[in-house]
Amino acid sequence: MIATIIDGKHLAKASRAQTRDRVTRFVAAHGYAPGLATVLVGGDPASEVYVRNKRRAAAEAGFVDFHRHLPAEVGEEAVAALLDEFAADQQVAGILLQLPLPVGLDRSALIERIPAAKDVDGLTTLNQGRLARGVPGLRPCTPAGVIELLDSAEVQIEGADAVVVGRSELVGHPVAELLLLRGATVTIAHSRTRDLKSATAGADILVAAAGVPGLITAAHVKPGAVVIDVGIHRTESGLRGDVRFEEVAHVAGRITPVPGGVGPMTIATLLRNTITAAEIGATGETNRDPS
Ligand code: NAD
């Protein structure tokens, strides 16, 4: 038996169309188009591609593009000043500081310059604290996209045994928190986990976010499990994930492909966070749940 594919491309397309409609309504209501500010520092080729894709998708959804590309040698103060400028600009609804930053720049300090209300990547301490508490806040894009993929496939999260491989601030940790908020019993495996196979073998939902190509094999997966592959690796034969798709697809019940799984959802969620931030910013609502 071959697992059912969870189609992130299709889901992302529908989500982006909804965001486009919301942007159109926003423009009609407020008389201006909200903007997304992307800040890229240095010349990391993968980051350049990611930022280009995000800007293109944002423009297609009707957002104004406030992109700035700074050289790798730029000082931290210049990046901070740029973030402050976007923070003060009424038209900028969302600010995205593309990671990783060049060596020498303090990532945490720079992320904290972004006001929580414009933190469309959900990475500030305030938004991460809100996530940990389970109160409304802008959620990190890739983790929120993972949950949406599970919901689209009607996966029962409540009560499920979920294992997240990876504990990064950007992906693994927030995915685990979101699953916990939805009532899963969550295990986080990471680089110090002694026996990864025994940690993953009982998972009803397995999220692979280790950044290690092909780490998850058929032997890691319970028959019928739902497998979400967050990993992205450029190889000579194209994009690959953390999961050995060909063999795992014979064991899993449902699985996301790479490409076409989590990746498109990351951008779709970014756009949704941006229109949500714009709507909340323009109306001054304080009680609305942006997640
Ligand atoms: P990271 O390097 O910050 O974190 C990796 C985590 O995996 C760490 O917590 C580490 O402990 C764990 N890990 C590493 N080796 C392991 C092993 N052998 N066994 C178990 N755990 C191990 O990476 P990240 O930023 O969280 O990204 C993870 C992957 O997801 C990368 O491939 C990245 O490119 C990809 N990614 C994809 C998207 C997307 O939109 N699809 C977005 C962000 C990141």
Side-chain angles (χ1 to χ4, degrees), residues 6-9 11-12 15-16 38 40 44-58 96-101 103 107-108 111 120-123 128 131 139-150 162-179 186-201 203 206-217 219-221 227-235 238-245 248 255-273:
I6 305 176
D7 184 352
K9 231 169 149 178
L11 187 61
S15 168
R16 284 165 60 171
T38 50
L40 176 63
D44 177 56
S47 292
E48 285 190 15
V49 174
Y50 292 145
V51 168
R52 197 181 315 132
N53 290 342
K54 288 169 186 174
R55 292 174 63 201
R56 189 183 304 137
L96 181 146
L97 177 62
Q98 184 66 36
L99 302 175
L101 292 172
V103 179
R107 156 191 161 141
S108 300
I111 285 172
V120 285
D121 245 350
L123 293 178
Q128 295 219 327
L131 169 60
R139 305 302 195 214
C141 301
T142 303
V146 167
I147 301 298
E148 234 178 299
L149 283 164
L150 292 170
V163 177
V164 180
V165 184
R167 59 173 166 180
S168 72
E169 236 173 74
L170 200 63
V171 190
H173 211 279
V175 168
E177 286 178 307
L178 286 170
L179 287 166
V186 183
T187 302
I188 304 178
H190 46 78
S191 54
R192 304 289 170 90
T193 297
R194 258 183 271 157
D195 183 350
L196 185 61
K197 272 187 193 133
S198 70
T200 60
L206 176 57
V207 180
V212 179
L215 176 71
I216 303 299
T217 68
H220 290 87
V221 178
V227 178
I228 306 288
D229 190 354
V230 182
I232 300 184
H233 310 281
R234 274 157 226 286
T235 71
L239 287 189
R240 289 284 177 270
D242 283 0
V243 174
R244 290 192 206 164
F245 184 87
V248 172
I255 188 168
T256 58
V258 178
V262 175
M265 288 309 297
T266 296
I267 294 188
T269 310
L270 168 70
L271 302 182
R272 199 187 45 216
N273 277 351

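As the structure lists them, so they are numbered: ligands from 1, and atoms in each ligand from 1.
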To check your reading of the model: name the closest protein heavy atom to [atom], its residue, and the distance in Å.
atom: atom 7 (O) of ligand 1; value: Ala210 CA, 3.2 Å
atom: atom 31 (C) of ligand 1; value: Gly211 CA, 3.5 Å
atom: atom 8 (C) of ligand 1; value: Arg167 N, 3.9 Å
atom: atom 3 (O) of ligand 1; value: Ser168 CB, 3.4 Å
atom: atom 37 (C) of ligand 1; value: Val230 O, 3.0 Å

With the side chain counted from C-beta on, respond yes when [X] and [Y] share a heavy-atom pair under 4.5 Å apart, and no when they do not.
X: Val171; Y: Pro140; value: no
X: Val221; Y: Thr200; value: no
X: Leu270; Y: Leu96; value: yes
X: His220; Y: Arg244; value: no

So is [X] close enough to ligand 1, meaning a heavy atom under 4.0 angstrom away?
X: His233; answer: yes
X: Gly263; answer: yes
X: Thr193; answer: no

Can you name the atoms of ligand 1, numbered from 1 with element, that are less than 4.0 Å from a heavy atom of [X]?
X: His190; result: 11 (O), 19 (N), 20 (C), 21 (N), 22 (C)
X: Ala209; result: 5 (C), 6 (C), 7 (O), 28 (C)
X: Gly166; result: 6 (C), 7 (O), 9 (O), 12 (C)
X: Val212; result: 15 (N)
X: Val165; result: 20 (C), 21 (N)

Inter-residue atom distance [X].[atom1] - [Y].[atom2], 0.5 Å rounding:
X: His173; Y: Gln128; atom1: NE2; atom2: CD; result: 8.5 Å
X: Leu150; Y: Ile228; atom1: CG; atom2: CD1; result: 4.5 Å
X: Ile111; Y: Leu123; atom1: CD1; atom2: CG; result: 5.0 Å
X: Leu40; Y: Gln98; atom1: CG; atom2: CD; result: 6.5 Å

#### Entry: Close N or O approach (Tyr50, ligand 1; < 3.5 Å)
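There is no such contact.
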### Heteroatom distance test (Ile232, ligand 1): nitrogen or oxygen, under 3.5 angstrom
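By distance alone, the answer is yes.
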### Query
Between Asp121, Thr142, Val146, which is the residue that forms a side chain to side chain contact (heavy atoms under 4.5 Å, CB included) with Thr266?
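Single side chain to side chain contact (heavy atoms under 4.5 Å, CB included) partner of Thr266 among Asp121, Thr142, Val146: Thr142.
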Proximal candidate to [atom] [heavy atom criterion; set [options]]:
atom: atom 17 (C) of ligand 1; options: Thr266, Leu215, Thr269; value: Leu215
atom: atom 11 (O) of ligand 1; options: Ala208, Ser191, Pro259; value: Ser191
atom: atom 44 (C) of ligand 1; options: Val175, Val171, Thr142, Val146; value: Val171

### Message
Taking the basic N atoms (NZ, or NE/NH1/NH2) and the acidic carboxylate oxygens, is any pair closer than 4.0 Å for Arg272 and Glu148?
### Response
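The answer is yes: the pair qualifies as a salt bridge.
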### Task
Please identify each residue that fulfils salt bridge (Lys or Arg N to Asp or Glu O under 4.0 Å) with Arg16, with sequence neighbours left out.
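With sequence neighbours excluded, Arg16 shows a salt bridge (Lys or Arg N to Asp or Glu O under 4.0 Å) to Glu60, given in chain and number order.
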